[in-house]
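Notes follow the structure.
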Amino acid sequence: MRSLPATGVTLAVLMAARPAYALDVDRLLKQAFGSSDPSDLGVPIFVLIAVVAVLFFWGAHRIGKKRQRRMIETYDSQLKEYSTRLRRRK
């Protein structure tokens, strides 16, 4: 983790040393989708947003299931420990 700030500083220095080039969005869109006309890009952008949303919710679902499983296992172990302590008192 210590190298992360150093990497960021190095990247910033390298980017500052290069001349600034404008990002040609039209060329980028033509390479990716074959057209830069907004009327032609509706479906690809909608599909991209849908894929990102599905991936986000799939990841959130997996994280939630793991967290829920961990909480259940913790609760079960606490319940067993408590049960063992109650049995020892008798």
Side-chain angles (χ1 to χ4, degrees):
M1 285 305 229
R2 293 182 191 176
S3 66
L4 189 61
T7 304
V9 169
T10 304
L11 185 61
V13 168
L14 289 174
M15 293 300 286
R18 287 193 61 179
Y21 294 108
L23 180 63
D24 188 11
V25 178
D26 285 337
R27 185 179 59 83
L28 187 66
L29 288 173
K30 284 179 185 177
Q31 285 179 345
F33 302 111
S35 173
S36 63
D37 186 27
S39 63
D40 295 336
L41 296 176
V43 173
I45 290 175
F46 177 76
V47 169
L48 182 65
I49 291 171
V51 166
V52 169
V54 166
L55 289 175
F56 174 77
F57 285 113
W58 176 73
H61 182 69
R62 284 195 58 188
I63 290 170
K65 284 180 98 174
K66 286 181 182 179
R67 182 171 181 245
Q68 184 180 23
R69 187 179 309 123
R70 227 179 12 252
M71 289 174 65
I72 290 171
E73 289 171 357
T74 302
Y75 178 76
D76 285 345
S77 67
Q78 289 174 349
L79 195 60
K80 286 180 185 178
E81 179 185 326
Y82 181 68
S83 175
T84 304
R85 282 188 297 171
L86 283 178
R87 283 192 210 123
R88 288 182 187 162
R89 286 186 178 182
K90 289 183 180 180

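FYI, side chains are in, hydrogens and waters are out, and symmetry mates aren't considered; it's all heavy atoms of this structure.
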Query raised in the report: Do Leu48 and Leu41 share a hydrophobic cluster, counting only Ile, Leu, Val, Met, Phe, Trp and Tyr and linking them when any side-chain heavy atoms are less than 4.5 Å apart?
Result: no
**Report entry** salt bridge (Lys or Arg N to Asp or Glu O under 4.0 Å) against Arg27, all qualifying residues, sequence neighbours excluded
**Finding:** Asp24
Query raised in the report: Would Arg87 and Ser83 count as a side chain to side chain donor-acceptor pair (under 3.5 Å) if you check the C-alpha gap in whole Å, the side-chain angles of each, and the deciding distance to 0.1 Å?
Result: CA-CA 6 Å; Arg87 283 192 210 123; Ser83 175; 3.0 Å; yes
Report task. Taking the side chain as every heavy atom from C-beta outward, state whether Gln78 and Glu81 have any atom pair closer than 4.5 Å. Result -> no
Query raised in the report: Do Ile63 and Leu55 belong to the same hydrophobic cluster, where Ile, Leu, Val, Met, Phe, Trp and Tyr are linked whenever their side-chain heavy atoms lie under 4.5 Å apart, directly or via other members?
Result: no
Query raised in the report: Does anything in residues 32-61 pair up under side-chain hydrogen bond (donor to acceptor under 3.5 Å, both in side chains), and if so which pairs, sequence neighbours excluded?
Result: Ser35-Asp40, Asp37-Ser39
Query - Nearest-0.5 Å distance, CD of residue Glu73 to CG of residue Asp76 - result: 8.0 Å
Query - ILVMFWY network linking Val47 to Leu29, side-chain heavy atoms under 4.5 angstrom - result: no
